[in-house]
Amino acid sequence: MESSANPPDRLVTLDGVGHWFPGTAVLFDDLCASFSPGRITGVCGPSGCGKSTLLTLIAGWERPRRGTITKIGVLSVVWVFQNPHGVARRTALDHVAFPLLAQGESRREASEIALDIMCRFGLEEIADRPFSTISGGEAQRLLLARALAVDPDVLLVDEPTAQLDRQSAVTVNENLGLVASGGAIVIVATHDPATQAACDAIIDLGANAGRVGGGS
Ligand SMILES: Nc1ncnc2c1ncn2[C@@H]1O[C@H](COP(=O)(O)OP(=O)(O)OP(=O)(O)O)[C@@H](O)[C@H]1O
Ligand SMILES: [Mg+2]
């Protein structure tokens with residue numbers, strides 16, 4: 001527990017959160033959890049149970065039907081989507097460099113930083129290729145690399161290893177750990193047991209929707 005005498009600089013909490021859509025059953029209800037910097041939380045459960053929906057709520061794109069989500073000290077939330085999309089004719093490097101340019105880096109600095117991050121994911125060889133020519137797994141890692149480029153306070157990642165071979169998945173899981181140890185709050189929706197094993201805590205939206213377990 002955090003001491004009330006020393007409130008955390010940054011924290012995301014779910015308090016009694018429940019959600020459903022018109023035409024769906026209640027996906028989850030009475031969900032309580034807290035997410036702090038330096039920790040990776042996995043959101044697990046079968047297809048359709050509401051993992052991506054929970055990320056939508058945490059991102060603030062949709063309000064929960066019940067309960068509240070509180071963000072303290074959070075300035076930037078970056079979401080890496082389940083289905084990677086990009087701009088067909090722009091290069092892979094452009095995709096990672098763009099948010100750096102938007103932050104005011106020079107083109108040369110942005111390209112150098114972007115290439116450095118791409119190297120962490122083994123993507124340097126595709127740097128100059130148009131997005132339309134790269135594979136689904138490369139696109140997935142590329143968009144995670146782009147998310148890391150801006151050093152977010154909260155990183156939401158949806159099924160980051162779904163299209164990857166084992167070695168690429170290991171690289172992704174290691175990088176999620178590095179982002180967390182750099183001080184980010186990391187929340188990852190995943191079916192992958194290896195990613196779940198890399199998490200500090202698990203929210204299981206399956207049989208025990210609303211229960212939070214695992215980790216320390
Ligand atoms: N905007 C929406 N309107 C209506 N139903 C929706 C909407 N978004 C999601 N759903 C439904 O809510 C349920 C949960 O969807 P969600 O995408 O959160 O599942 P998920 O756990 O991420 O599944 P997967 O593992 O397949 O990615 C699904 O039945 C889905 O069809
Ligand atoms: Mg999903």
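The analysis underlying the following values was restricted to heavy atoms, covering all of them including side chains, and did not include hydrogens, waters or symmetry mates. Remember, it's 1-based here, ligands and their atoms both numbered in the order they're listed.
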Visitor: More than 12 heavy atoms of other residues, nucleotides or ligands under 6.0 Å from CD of E124: yes or no?
Guide: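 Yes, CD of E124 has more than 12 neighbouring heavy atoms, counting only those of other groups under 6.0 Å.
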
Visitor: L155 pairs by side-chain contact (heavy atoms from CB on, under 4.5 Å) with which of V80, I187, V77?
Guide: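 The passing option is V80.
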
Visitor: Near ligand 1, which protein residues have a heavy atom under 4.0 Å away?
Guide: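 Its neighbours under 4.0 Å (heavy atoms only) are F21, T24, L27, P46, S47, G48, C49, G50, K51, S52, T53, Q82, H191, given by chain and number.
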
Visitor: With a sphere of 6.0 Å drawn around CZ of R90, does it hold more than 12 non-hydrogen atoms of other residues, nucleotides or ligands?
Guide: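 Atom CZ in R90 is not crowded, with 12 or fewer foreign heavy atoms closer than 6.0 Å.
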
Visitor: When you compare the side chain of L14 with that of I58, does any pair of heavy atoms fall below 4.5 Å?
Guide: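 Counting from C-beta outward, I58 and L14 do come under 4.5 Å.
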
Visitor: Using a 3.5 Å distance criterion without hydrogens, assess whether the side chain of S181 forms a donor-acceptor pair with backbone atoms of G177.
Guide: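 Pair found, side chain donor or acceptor close to backbone of G177.
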
Visitor: Measure the shortest side-chain to side-chain distance between I40 and N173 over non-hydrogen atoms and say whether it is less than 4.5 angstrom.
Guide: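 Heavy-atom side-chain distance check fails, nothing below 4.5 Å.
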
Visitor: So, K51 side chain and P46 main chain: donor-acceptor pair closer than 3.5 Å or not?
Guide: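 Yes; at least one donor-acceptor contact below 3.5 Å.
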
Visitor: Everything protein-side that's N, O or S and under 2.8 Å from the Mg ion (ligand 2): list it, residue and atom.
Guide: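 Only S52 OG, Q82 OE1 fall inside 2.8 Å of the Mg ion (ligand 2).
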
Visitor: Classify the ring geometry of F21 against H19: parallel below 30°, tilted from 30° to 60°, perpendicular beyond 60°.
Guide: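 Perpendicular.
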
Visitor: Surrounding CZ of R129 (heavy atoms of other residues, nucleotides or ligands, distance under 6.0 Å), is the total greater than 12?
Guide: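 Correct, the count exceeds 12.
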
